[in-house]
Every structure is written in C-alpha cells, then in structure tokens.
Number of protein chains: 2
Amino acid sequence: MTETAPRPTLEAVAARAGVSRATVSRVVNGGDGVREPLVERVRKAVEELGYVPNQAARSLVTRRHDAVAVVVAEPETRVFADPFFALQLRGISKELTAHDNQLVLLLTEGRDDHARVGRYLAGGHVDGALVFSLHLDDPLPELIQRAAVPTVFGGRPGWSGDRQGVVYVDSDNRGGARDAVRHLVGLGRSRIAHIAGALDQTSAVDRLDGYRDVMVDGDPRLIVEGDFTPAGGERAMRELLARCPDLDAVFAANDLTASGALRVLRESGRRVPDDVAVVGFDDMLPVAEQSDPPLTTVRQDIEEMGRLMARLLLRGLDRHAGEQGIAAAPSSVVLPTTLVRRASA
Amino acid sequence: MTETAPRPTLEAVAARAGVSRATVSRVVNGGDGVREPLVERVRKAVEELGYVPNQAARSLVTRRHDAVAVVVAEPETRVFADPFFALQLRGISKELTAHDNQLVLLLTEGRDDHARVGRYLAGGHVDGALVFSLHLDDPLPELIQRAAVPTVFGGRPGWSGDRQGVVYVDSDNRGGARDAVRHLVGLGRSRIAHIAGALDQTSAVDRLDGYRDVMVDGDPRLIVEGDFTPAGGERAMRELLARCPDLDAVFAANDLTASGALRVLRESGRRVPDDVAVVGFDDMLPVAEQSDPPLTTVRQDIEEMGRLMARLLLRGLDRHAGEQGIAAAPSSVVLPTTLVRRASA
DNA sequence: CACCGGGGTGAGAGCGCTCTCACGAGCCCG
DNA sequence: CGGGCTCGTGAGAGCGCTCTCACCCCGGTG
C-alpha cells in the first residue's frame, strides 16, 4: 500500500537523450526509420529513467487499448463446478499475453449485470470481446451485437450460425458423442441410454444429436434429460433403471453426470462395466480419473479452445487495423474430440 | 466483428444541451453543484446521443483507472484443479463491480511472466493489485513491492507478516486444522495421522501447525508430506500404512489429498470411518460430496475471501484519494473456518 | 555545379477529458 | 440601497502520447 511515484514522461526521455519526443516515440514503438546511434541513446535514456509509456495517453490517440474483455455468464454454475473455465481462461491468457494484450474479466450475474456489460463494451474500453454464452435464451449476444464490438463466442451460441458474421469456437460435441456411442456399440452393447445435459445449452443438444445419429430408431425411453450435475445424473439414472431395467450402457452428457449415474448403478447392484458400461464427456480429470471405476470419456482440448478464441479475435482486430488486402474475416472453428478409454467402458 | 462507430464526445453533449463541457462533465460525474434544470437537459442529451465517457481521456488527467489487477501464479496447478480460484475470482469480481472497478486478470507462467507482470504493475495501468502468491520462494511479492502498487495478498505470503504494510486475507488454516483434529480426538481416535500439503505453501504449513497444536507429543511418523493432489494422497497414505498400520484416523491437508487416501484405504481393506476416520480440508464440493464415503472436511468461505480482498484494496485506494482523516491503513484479515460433518469421520 | 529526391528528424496539433479559475448573478447584511 | 458573499457556470490550460507535415541534409543525377 505504497504511494505511486511520479513517472517519467516521453518528454523527459527526449530531453535526456537530446532528441525530440517524436523520435523517442518512434524508438519505443519499434524504432523503424531511426538511425542506430539515436536508437541507442534513446534506449539508454529509457532504461535509466525507467520509462514506461502511459497507456491512457496512448489509447487516447490510437483508439486502441490492447485489451480484450472476457465475458462469462455467471449463472453457469457449471462454469464453477469444474476446471473448464479456468483452463479456457488460461488458454486465452496465454494467447493474449503473447500479443501484448490485457485480459479484462467480466463476470455477470443476472439481468442488471447484462446491462452493465453492454455499457462497458459499448464504452469502447476494449478492442474486442470473448464471450461465453451457452444458454439459448441469453440476452448477452443481443447486447453485444448492439455494442458493435468485435466478438468471438465460446461454444456455439444458441441462435445458431444463422446470423452472419458470428464467430465461435466449439468442441465437436456431436462428433464426440457419436464416438462415445459407437464405442459402446463396439463393445456389443445395444440398450444404450443417454442422460442428456440441460437442453437449453447447445452443447447438450449437440451431444444428444450425436447420440441419436448412432442410435437411429433407438428406444426413446432410453433418453432422459439431466442438468450436467451429479445430482441430476443420479436422478436420471434412477428413472432410467425404473423405465428400462435391461439397459446395458449409459452415455452421460458429462463426467459429473456420469459420476452420479455411477453411484446409482452401484447402489442398484449393477457392476460397471460388466453389467452396464458408462461413458462420460469432458474428461474432467479430478472426476473422471478419481471415479470408481475410472471413467471412459470424451476429451476436449479446453485450453486450446481458449487459445483459439483469442487468436481468432486478435486476427480479426488486425484486419481492422492493417487492412492488408481482403484477409477473410475469421470464421468459426470446431475442435475435434478424442475418446479416452478407462475402466468404465 | 463489426466496425466500431465514432462515439460522441463531451463536446457534442455540451453543444446539444446548450451548456459548456465543464457542466456536462460535472453532471456525468455526479452532478453536484449543478442546478436541476441544467442537470435534466444534460441527462437528456447524454441519453439521446448515447454518450459514454472515454476512459482513456479521463485516466489521462485523473491518474485513476478504476481497474485492479488480479495476479495469479500459474504454476499453482492446484488453482486449476479445483473451483477455488473461480470462487475467489467471483467474490473479487462482485466487490469490484459494486465499486465500478474493472478486473484485469494476469496469469503468470514462469520467470519471464514475472517480469512482464512487474512491468505491467509498475506501468501504472491499474490502481492496485490482488495477488495470489502462495509459495514461499515466490519472487512476485518482491517485484510488487518495487512496483509500488497498493496490493492485497490472497493467502498469507511466505515471508510472513514481518514486512510492514503487507496486507493479506487468509483462512484460519491453523484453527481449522485444530478443529479437524479435535473432532477426530472427540471420536475417540488416538493414532491420528496427517498428510500435509506441499510445505512450501503457507497454507500447508499452517495446517500442519494446527495438527501439531492438538497432537502435542504425537508420533512424528504419523506425519507425511503430500502435495495437495490425489496422487500425492495415495502415495502418502501407502507410506503411512506401511509405517503405522495401527493408525485409526487421517487428517488430510485438503480434500483432493483425502480422496487419494480414501482410495488407498479402501484397497487395503480398511473401512471408513469404522477402521479409519478421514477428515479433509477445503470442502471442495465435487470431491468432498461425491467421494465414497462423503468427506467430513473443513470449510472455508472462499468467495468471501475474494470479496474481502477487493474490499480491503479499495478501501486502501480510497484512503489515498480521500485523505479523510487518519483512516488506519487496512490490516490483514483471517477468516474463520467451519467443520462440515459427513460420513467419513 | 545546380537540382532533385528521399530518408531521418523535429515541431506542433490534437485525442477527450478534468479541474482550476475567473466571472456573473443573486442574496444577505449593514 | 450598496458592498461583500456565495453559488453556479464557462473558459481554457493541460494530462502524455501519436502522427502528420515541413524541414534539412545527404547523395545521385543532368
């Protein structure tokens, strides 16, 4: 809690180096077109004075902030129940750092906050935004569209790819689900149930679709909606067992759900994987690896998703600045998933 | 990815409202000392134009940014293995938002990043910093001290409270550990082991101290160092069983460690809690609640810790600005913990 | 040898805001 | 009824930086 000392300005550096402000500015910003001896002198002065450019002054004229907002809709309790969020953030952070951009974190919590975020983005405090908006009825995308800030979404937004110019990064939820179910089929299972996630989220819908892709003409009673939580998994599993005691496999929408299902299966006296094989989704380590038995699941490279989101955004930002030809606007990316085989299936 | 429109300036609002820039500025910043009719006119103009102040221009003159950096040392894999980090962040975010401050997230990863963070903080881009630095040998605190930025630490910093002016928020790790061990004693256990956390972190040291507070003259062979991970818990538990097969209770440094211990105990044929009672720490829900049996553990109010850190920092910032009397510099806070009884002990 | 051109450098005008002052009303008091 | 007050308002000077432009000094050319 110390008082901040007065910091040297460009002017001061210029005086010390015996050059003009303009020259110092040039050196500080790359040094192109300045002759070597001068560059050296300026560098020395910068060093000696411990000069650090004033970002506010710079932004004022450049209209650039080298900062990106990351918006996370809080009601996503899921976001806090697993390391998903943290990993993604790490990927984003790495990429932003590599390009000298700052990360401004905006966590929202209810309607009022949405307005706040909208105002902030519209306020032009950041160059772009990375938004996690997984619910179908989320008002955030709307606000962002109005704020006219370059944006990349994490996860396919609810209103689908219809609106033009919408860029997102997502895992191949549908393909991953297909792989999971196919794996179960390959194991000789035929009565394969699915505990879906909360179906107001695209990831849940996509995983369900993937399941259906494989289980064409499957028994609809084998599908129950969960909510991505262990408790939801338990509830759904009980219902499934009541409905179809003959099921021999379960594909759960995520690992948390699977862990709940596992518990109920154990209670009911079923052996996993002997009687019922179980596959999860996410490969959320503390859960998947520690569960009993360890969970076969679908892994998505979460950190890479984050990194990619940032990369896409920055690329888009460059386009605005550089205008180097018609570098196509970045388009959405869907990352592949991989099946991780453990003991449960 | 849309182009940002040119935004109205103070000047424009002034023109529309038929007043001077100064008056608009006054209204925008609270409206004190401006007569009602004018306030109204200005408000209307602001509304109609959709005016949002340019933060860069404002910062340039006020030297305030209304932004706080949150620095998280990445090597803390622990930080990403549980919702700890996310919860703390949520608490911080809430508090900052309530005071119209932005949250700039700085994740570090190795030495280079430390320098980067040091430069950033020294650059005066933010008004203060909240730093999570849990390792004893962390160079970050040093850098921060040099950057002369008001700072509040999350968790007691390694070099202890000796340096004056250091403010931190921590859980009562020692007290919580005492409660845990006393609970085991109350259960009639006497051969109580402790699997410590990584002892280069103050939280681990404090929990160990708490254990020792109760187990005075305890068998030193009952203490093994872990590393806060399930794998570490397994390893430590094996060693403990080999050393002291007669142990009847385990206090683990955190829930993850406890979950590893639980698995080894099960393997070894011990029943929990009948043969060996187990207590964890953190009350990290997905682990503590889902483990088998559910874990008795020590809960800390993580979100509150975050909120408190932010509050302390903002208060310190105010002091610098307001100078309202000798409002004592904020001092460190240690939050109480509570024992949560479940099935494992 | 005068001229032109180009690259390196400096001067200066803002970017949008806050804040200090000076100023002009009103008001109270003598 | 005039002199001081206060309160409300406007004018204007920066905050520290970037960027355009003019200038100057070269070397190469006609």
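In the text below, chain A, chain B and the rest are named by the order of the sequence lines, each starting its count at 1.
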- Query: If we only count heavy atoms from C-beta on, is the Val126(A) to His65(A) side-chain gap below 4.5 Å?
  - Reply: no
- Item | Distance test, side-chain N/O of Asn54(A) to OP1/OP2 of dC15(D), below 4.0 Å | no
- Task: Would you sort out whether Val104(B) and His125(B) count as a side-chain contact (heavy atoms from CB on, under 4.5 Å), showing the intermediate values?
- Result: CA-CA 10 Å; Val104(B) 177; His125(B) 302 300; over 6 Å; no
- Task: Using the side-chain contact (heavy atoms from CB on, under 4.5 Å) rule, take Thr23(A) and Arg41(A) through it: C-alpha gap first, then chi angles, then the decisive distance, then the call.
- Result: CA-CA 11 Å; Thr23(A) 298; Arg41(A) 249 168 50 215; over 6 Å; no
- Query: Could you state the CZ-P distance from Arg7(A) to dG16(D), rounded to the nearest angstrom?
  - Reply: 9 Å
- Check every atom of dC15(D), dT18(C), dT18(D) against the side chain of Ser25(B) and return the nucleotide holding the closest atom. dT18(C)
- Task: Among Arg64(B), Arg63(B), Gln102(B), find the one that has a side-chain contact (heavy atoms from CB on, under 4.5 Å) with Asp127(B).
- Result: Arg64(B)
- Message: Each nucleotide in nucleotides 5-11 of chain D should get exactly one letter: B, S or -. Can you fill that in based on protein heavy atoms under 4.0 Å?
- Response: ---SBBB
- Message: Between P on dT18(D) and CZ on Arg58(A), what's the gap in Å once rounded to a whole number?
- Response: 5 Å
- To the nearest angstrom, how far is Arg41(A) atom CZ from dT9(C) atom P? 9 Å
- Give the rounded distance in Å between these two atoms: OH of Tyr51(B) and C1' of dG16(C). 7 Å
- Query: Counting side-chain heavy atoms from C-beta on, which of dC17(D), dG16(C), dT18(C) comes nearest to Leu10(B)?
  - Reply: dT18(C)
- Query: Quick one: His65(A) NE2 to dT18(D) P, roughly how many Å, whole number?
  - Reply: 14 Å
- Message: Checking salt bridge (Lys or Arg N to Asp or Glu O under 4.0 Å) between Glu95(A) and each of Arg315(A), Arg90(A), Arg311(A), Arg307(A), which is the one that passes?
- Response: Arg311(A)
- Rounded to the nearest angstrom, tell me the gap between atom CG in Asn29(A) and atom P in dG8(C). 17 Å
- Message: Without decimals, in angstroms, what is the distance between His125(B) NE2 and dC17(D) C1'?
- Response: 13 Å
- What distance separates Leu106(A) CG from Arg116(A) CZ, expressed to the nearest 0.5 Å? 5.5 Å
- Query: Could you state the CD-P distance from Glu36(A) to dT9(C), rounded to the nearest angstrom?
  - Reply: 11 Å
- Message: Is it the case that over 12 heavy atoms from other parts of the model lie below 6.0 angstrom from the CD atom of Glu36(A)?
- Response: yes
